[in-house]
Amino acid sequence: MKRSKQPTIVDVASEAGVSIATVSNVLNRRKVPMSPETIRKVEEAVVRLGYRRNVMATNLSRRRSYELGLIIPHFGGYYGRFAEKLEQKVHSFGYHLSVFSAAGMDPVIEKRHLEHLLQRRVDGLVSHGLAMSMESTQQLVGEGTPLVIFNGWGWPSEIVKLAVNLDFAKASTEAVQHFLANGCRSIIYAGRRKGMGANEQRIKGFMAGLGNNAKSTVHALLDAGELGIEGTLEEALRISGEQRPIGIYTFNDALALELLAVCHERGIRVPEDVQLIGMDNELFSKASFPSITSFDMPVELQTSLVAAFLMRQIGEDLDEENTQLLEEYLPRIHVHELFIDLEMIVRKSTTT
DNA sequence: ACTTCTCCTTCGACCCACCG
DNA sequence: CGGTGGGTCGAAGGAGAAGT
């Protein structure tokens with residue numbers, strides 16, 4: 001399909017009767033002194049010809065693409081919100097964000113996305129800690145592409161300069177302590193996918209929350225992916241025996257909601273017999289009956305930090321607000337990981 | 001097979017007229 | 001002569017097309 005030639009800066013210059021550089025100055029460099037007459041001629045020519053800047057040529061000239069890449073596990077829930085917020089943040093710096101999903105961690109697709117982003121000469125990359133392999137990340141960093149990881153634990157410092165992580169471990173500790181304070185005599189963690197970083201963090205925090213109560217309190221770590229929803233509830237009931245109430249802390253709100261539905265089906269009372277705490281603070285956790293206690297994900301703060309740090313790595317000037325943000329948070333980095341607190345939203349699933 | 005041109009824009013270097 | 005305003009010039013950039 002051959003397209004008719006679009007007007008270029010050359011056409012505008014010829015139409016306005018000035019040089020190409022003058023057109024460029026009028027359109028982009030307002031600080032260069034120019035007569036009002038020249039500005040008027042150029043602007044009129046632009047309108048007459050319907051000129052639109054050619055971004056590819058601009059990038060070629062600037063040796064920058066002003067494009068950033070984001071790789072996330074999928075587009076749902078928290079990740080969708082993260083992408084939307086980050087898009088807004090980087091846009092305020094004059095950057096465009098291209099978002100890709102890792103499509104269930106398929107290494108072939110991951111490589112294809114990565115290659116595509118590199119061919120597009122992205123100026124920086126943001127990746128979820130699970131969405132990219134160590135090998136791909138190493139390649140990226142080796143080529144000098146600035147990279148910020150979010151929700152990635154245990155990455156080697158020589159690869160990752162900063163990982164902006166939500167403190168799932170701390171939140172999980174808080175969840176367990178909330179159950180204990182509510183008098184739960186059995187506490188269960190229902191997770192997803194063994195070996196996943198975010199899951200491991202939750203388990204770590206879960207055990208820390210039990211602390212000295214680990215011996216006296218019935219507790220277990222279940223894999224809901226393996227057991228299924230019904231199987232998870234059955235196993236929780238079996239392990240708990242006569243101990244009530246049972247506190248079930250789930251990997252996310254979706255899982256908590258599914259468990260809630262099964263409890264309703266079986267006539268198990270929530271929160272009297274089973275208490276539930278989810279994660280993500282999805283809209284439905286507030287709308288369900290009873291509403292589900294959950295943790296709010298500070299996406300606003302997390303994306304602000306990711307954007308500000310990435311911009312600093314790229315060499316962009318930060319405004320006062322972003323400078324202050326980095327000054328406040330960067331001293332809190334441990335090795336290269338920054339932890340952000342989640343806020344527990346207590347609802348009816350844990351209050352009698 | 002190899003070299004040169006073309007695409008389009010930016011930006012530092014440079015030019016010229018004018019003024020005090 | 002030096003400073004300033006209002007411009008222009010030309011190199012650079014990566015990759016595909018065109019020319020030799």
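Throughout, protein chains are lettered first and strands after them, A, B, ... in sequence-line order, and every chain is numbered starting at 1. Please read all numbers here as calculations on a predicted model, not as lab measurements.
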Salt bridge A/Glu300-A/Lys89, side-chain N to carboxylate O under 4.0 Å: yes

Grab the [atom1]-[atom2] distance between [X] and [N] for me, whole Å please.
X	N	atom1	atom2	answer
A/Ile39	C/dG5	CD1	C1'	13 Å
A/Tyr51	B/dC7	OH	C1'	13 Å
A/Lys41	C/dG6	NZ	P	13 Å
A/Arg40	C/dG7	CZ	P	12 Å
A/Ile9	B/dT9	CD1	C1'	6 Å

Sequence neighbours excluded, which residues qualify as side chain to side chain contact (heavy atoms under 4.5 Å, CB included) partners of A/Ala16? A/Val18, A/Lys41, A/Val42, A/Ala45

Would you mind reading off the bend of the helix from B/dA1-C/dT20 to B/dG20-C/dC1 from its two end axes, five pairs each, to 10 degrees? 60°

A/Asn151 side chain to A/Tyr78 side chain, donor-acceptor N/O pair below 3.5 angstrom: yes

Criterion side-chain hydrogen bond (donor to acceptor under 3.5 Å, both in side chains) against A/Asn281, the qualifying member of A/Glu343, A/Arg347, A/Lys286: A/Arg347

Fit a plane to each ring of A/His128 and A/Phe150, take the angle between them on a 0 to 90° scale, and name the class: parallel (under 30°), tilted (30 to 60°) or perpendicular (over 60°). perpendicular

Geometric class of the A/Phe289/A/His264 ring pair [parallel <30°, tilted 30-60°, perpendicular >60°]: parallel

